Amino acid sequence: MFIPKSFLEREAAHVEGFAPETAVVTHGGGKQLEEPLIVRPTSETIIYAMFSKWVQSYRDLPLLINQWANVVRWEMRTRLFLRTLEFLWQEGHTAHATHDEAEVEARKMLGVYRDFMEGWMAMPVVTGRKTDSERFAGALRTYSCEAMMQDNKALQAGTTHNLGQNFAKVFDLKFQTESGGMDYAWNTSWGVSTRLIGGLVMTHGDDVGLRVPPLLAPVEVVIVPIYKTDEERAKVLEAADRIVASFGAWERREPGRLRVRVDAREGIKPGAKYFEWELRGVPVRMEIGPRDLDKQQVVLVRRDTREKRPASLNTLAEDVVELLSRIQADMLTAARERREQHSIRDRITYDRFREIMDGEGAFVYGGWCGDAACEAQIKADTKATIRCLPDEEFRSAEAPTTCLRCGRPATAEAVWAKAY
RNA sequence: CGGGGCGUAGCGUAGCCUGGUAUCGCGCCUGCUUUGGGAGCAGGAGGUCCCCGGUUCAAAUCCGGGCGCCCCGACCA
C-alpha cells in the first residue's frame, strides 16, 4: 500500500511517469514522517526491492509473484470504471535470467489476457506493441490489448511489460549465473483492472440494459413461471423445479453446472420480470406457462438477440447448453464484426483522417514514419493516438508504405484511435 | 485551474423570464380486481422549494453572498 518516496525515485523514467499522479502520505501516528510514503500507483519498486533480497542464484529464477491490490492514481478527471482514483487490479511481476525469457513471459501474459477478454468476456481485442511515448514508465517494451467500445473509441484493456534490467539495476536485483558470473535479472510486469467491467458494459450493453456473456453470468438461465390460478401455479413451479433438478445433474458441460434461477416472486407480473432480468443481462430466459406444459415445452429467449423459440422438455438441458455456448460465440462474433465495420484500412488522406476522428471515430490502420514528433502532432491535431503497432495477424494484407500524416516512408503499420 | 449547467416529496421533474394556495410521473399506504411483455380502478400519506441575507403587502420565482453536484476542456499508459 505504501511505498517510500525514495523507492519510486530510483528509476528515473518511472518516477517521471508516475510522480504527477501520486497521493503522498506525509503524517503517521500524529507525527510528520521522516520520509513521505507514496500510496502505490503500481508496485514494481517495492516488489523488486524484495526480489533483490530473495534472489541470489540463477536457481532462484524464474520468479513470479501475483497480487490483487488496490492502487491509487490521482487523475484530474475520473470516469466510472474506466478511470477511477482508486482501482482494484491484478498485477504480476517476474524475474528471469535472460532477456529472451522475459520477452517470452511478457508475450505469454498478453496472450493470457487476450484469451480471457475474447474467450470469457466476448470482447475482441487487437494486440500489439506500444510506441515509446505510450509505453510504461521504466519499461523496455509495453504490449497491450486494445478493445473498441461502441462509440468507436479504444479502451486499453490490459498491458504487459518487458522491463529489461531497468529496475533490477536500481534495486540491485542480481544473481549468480550458471557460469559463475553476476548479472542483473530481467523483469516483466503485467496487469488488468476493474476497468474490464467498464469494457464489458461498453462492449455489450444495449438500450435494454446489460448483456453478460454466459461464461461470466452469475445466472445463466432465469426461469419465469406464468400462471393464473393456484392450481396452475403449483403445476408450473413443480415443472420448474424438475427442470432445475435435471440441470443440476448436467455436468458434461465445461465449466461445471448450469447456473439457473427460478423467479418465483409473487405479485410481480411476468412482463415486469422479463424487463428486470433483461436489464441485468441474464443470457437466457425460460418462460413456462400452462400452455407450454400442455405441449411438453418451454419458451427460450436469448438476451443477446432477443430471439424467442419453443424448446421441448425432452431435450431441454442439451438445448440450453448448446444455446448458451452459441450465445457466447455469437457475442464475440458480433462484437468483432462491429469493430471491423468501424476499422479503416484503405489509404486515406490526413484531412479525411481528421474528419473521421472529429466525427464518429474508428480504428484507422495507417503507416507511421516512426517519428515521435509526428505522432505527437497527430495527437495535438485530432486527440487520436497510436493504440499499438499491431501484431502480425491484425496487420493489413498490404502494408502501408507511407506515413499517414507526413508522407515519409512508413517504418510500421499503426492502429490510430481516440482512447479512453 | 478555466468554460457551461443544475439544486423543488424517497426518485425524476414542471413552475422561475412576467412575484400571489407548489405541477406531473414513478415509488409508498389502504381496498378490490389482476398475472403469456413494465397491472387497473378508487381512496390516501408525503414539501425547511440547497443555505444565509436583501427587496416587497407577498419570494420557489427578483437581487447579493455562500455551499453542493453534474457536464465540457486542460490532465491521464
Side-chain angles (χ1 to χ4, degrees), chain A residues 13-14 16-23 41-42 44 71-80 82-85 87 89 91 106 110 113 128-146 153-163 189-193 195 207-209 222-233 235-237 263-280 285-295 297-301 303 306 308-310 372 375 379-380 383 385-389 417-420:
Chain A
H14 192 64
E16 193 191 333
F18 279 106
E21 48 176 334
T22 53
T42 179
E44 277 75 10
V71 292
V72 168
R73 297 182 186 183
W74 213 261
E75 306 290 355
M76 278 179 178
R77 204 153 150 212
T78 61
R79 199 178 173 105
L80 192 62
L82 302 184
R83 188 179 302 114
T84 43
L85 280 194
F87 56 93
W89 75 349
E91 54 176 320
L110 190 73
Y113 288 155
R129 185 163 65 81
K130 287 290 191 184
T131 63
D132 289 353
S133 69
E134 297 268 330
R135 72 162 192 256
F136 179 80
L140 207 58
R141 281 186 288 279
T142 289
Y143 302 100
S144 78
C145 295
E146 301 285 333
K153 284 170 78 172
L155 183 72
Q156 180 176 297
T159 48
T160 73
H161 316 290
N162 181 340
L163 302 174
S189 67
W190 20 275
V192 295
S193 76
R195 171 179 264 199
D207 289 347
V208 179
V222 64
I223 300 179
V224 178
I226 297 158
Y227 50 80
K228 283 192 174 74
T229 63
D230 282 352
E231 191 190 342
E232 284 176 348
R233 175 169 179 274
K235 251 171 72 181
V236 164
L237 286 181
D263 186 353
R265 288 175 298 172
E266 293 196 59
I268 302 175
K269 294 176 76 168
K273 293 179 181 176
Y274 300 166
F275 279 102
E276 183 177 326
W277 293 111
E278 283 171 350
L279 182 68
R280 295 190 188 198
R285 178 174 76 244
M286 184 186 301
E287 305 174 1
I288 311 177
R291 295 209 295 267
D292 297 310
L293 291 184
D294 288 346
K295 288 186 271 185
Q297 66 166 44
V298 299
V299 172
L300 296 179
V301 187
R303 173 62 182 88
R306 305 189 87 197
K308 204 169 196 175
R309 67 168 171 88
E375 183 188 12
K379 185 177 179 182
K383 289 181 194 157
T385 51
I386 295 179
R387 300 321 304 153
C388 68
L389 307 176
K418 288 210 261 191
Y420 277 103

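Quantities reported herein were computed from a predicted structural model and do not represent experimental measurements. What you see below is based on every heavy atom in this structure, not just the backbone, and it leaves out hydrogens, waters and symmetry mates. Below, chain A is the first sequence line, B the second, and so on; all start at residue 1.
Distance CH2 (A:Trp277) to P (B:G36): 18 Å, rounded to an integer number of Å. Spacing between atom CE of A:Met76 and atom P of B:C72 amounts to 16 Å, rounded to whole angstrom units. Computed from coordinates, the A:Arg195 CZ to B:C76 P distance equals 14 Å when rounded to whole Å. Going from atom CZ of A:Phe275 over to atom P of B:A39 covers 9 Å, rounded to whole Å. Atom CD1 of A:Ile226 and atom P of B:A39 are 13 Å apart (whole Å).
A:Pro290 comes within 4.0 angstrom of a base, heavy atoms only.
Only the P atoms considered, B:C28 is 31 Å distant from B:C6, to the nearest whole Å. Using atom C1' as the reference point in both B:A39 and B:U34, the two lie 7 Å apart (nearest Å). Taking the C1' atoms as reference points, B:G47 lies 9 Å from B:A22, given to the whole Å. Taking the C1' atoms as reference points, B:U61 lies 12 Å from B:U8, given to the whole Å. Rounded to the nearest Å, the gap between the C1' atom of B:G65 and that of B:U55 is 15 Å. When the C1' atom is compared between B:C51 and B:A59, the two are found 15 Å apart, to the nearest whole Å.
Using a 4.0 Å cut-off between a side-chain N of Lys or Arg and a carboxylate O of Asp or Glu, A:Arg291 and A:Asp294 do not qualify as a salt bridge. Electrostatic pairing of A:Glu276 and A:Arg280 counts as a salt bridge here, judged by a charged N lying under 4.0 Å from a carboxylate O.
Listed nucleotides B:A74, B:C76, B:G37 differ in distance to A:Val301; the shortest reach to its side chain belongs to B:G37. When distances run from any side-chain atom of A:Ala272 to the nucleotides B:U35, B:A74, B:G38, the shortest one goes to B:G38. Out of B:G37, B:C75, B:G36, the shortest distance to the side chain of A:Arg306 is found at B:G37.
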Sugar-phosphate atoms are those with a prime plus P, OP1 and OP2; base atoms are the rest. Using that split, label each nucleotide of nucleotides 25-34 of chain B B, S or - for protein heavy atoms under 4.0 Å, 5' to 3'. ----------
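Applying the ring-ring contact (aromatic ring centres under 6.0 Å, His included) test to A:Phe87 and every residue at least two apart in sequence or in another chain returns A:Trp89. Scanning for ring-ring contact (aromatic ring centres under 6.0 Å, His included) contacts around A:Phe136 gives A:His14, A:Phe18, A:His161, with sequence neighbours left out.
A donor N or O paired with an acceptor N or O is found under 3.5 Å between the base of B:G37 and the side-chain atoms of A:Glu278. One cannot find a donor-acceptor pair under 3.5 Å joining the base of B:C75 and the side-chain atoms of A:Arg77.
B:G37 has no stacking from A:Tyr274 on its base ring, since the centres under 5.5 angstrom apart and planes within 30 degrees of parallel are not both found.
The base-pairing partner of B:C41, taking Watson-Crick or G-U wobble contacts with both distances under 3.5 Å, is B:G31.
For the residue pair A:Ser144 / A:Glu146, a side-chain donor-acceptor distance below 3.5 Å is found, with atom types taken as modelled.
Few gaps surround CD on A:Glu75; more than 12 heavy atoms of other groups in view lie less than 6.0 Å from it.
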